[in-house]
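These numbers were taken from a predicted model, which means no experiment stands behind them.
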Amino acid sequence: MKLRVALFKRLRLRESWVIFFILGFVMMNYPFIQIFNKPYRIFSIPLLYLYFVGGWALSIVVIFLFTRAIDQPEDEQDEGDHR
């Protein structure tokens with residue numbers, strides 16, 4: 001329970017939003033795309049496609065966590081710490 005509250009409290013910070021945006025932008029550019037653009041296949045699916053689908057799924061999970069963090073009300077204990 002404490003971990004959940006700490007995670008949601010951290011995700012409310014604007015810096016977290018910026019860090020995840022920059023990380024997503026970097027992960028979809030040249031160096032990383034070149035790393036995964038190999039002729040290997042996993043379960044007959046090219047590695048680059050799996051990288052894109054995995055990154056897309058991960059970004060959906062991160063956005064879900066951000067929206068859950070915004071919807072969470074502030075705890076009374078947290079407000080007492082800021083005084």
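- A continuous path of ILVMFWY side-chain contacts below 4.5 Å connects Met27 to Leu50, so both sit in one hydrophobic cluster.
- Transitive grouping of hydrophobic side chains (ILVMFWY, heavy atoms separated by less than 4.5 Å) brings Ile42 and Ile45 into a common cluster.
- Here the OH atom belonging to Tyr51 is positioned 6.0 Å from the CZ atom belonging to Phe32, to the nearest 0.5 angstrom.
- Tracing side-chain contacts under 4.5 Å through hydrophobic residues (I, L, V, M, F, W, Y), one never reaches Val53 starting from Phe36; they form parts of separate clusters.
- Here the straight-line distance linking atom CH2 of Trp56 with atom CE of Met28 works out to 11.5 Å at 0.5 Å rounding.
- For the pair Phe52/Ile33, a side-chain contact is recorded, criterion being any heavy-atom separation below 4.5 Å from C-beta on.
- The distance from atom CD1 of Ile60 to atom CG of Leu65, rounded to the nearest 0.5 Å, is 12.0 Å.
- Rounding to the nearest 0.5 Å gives a distance of 9.5 Å between CD of Gln34 and CG of Leu48.
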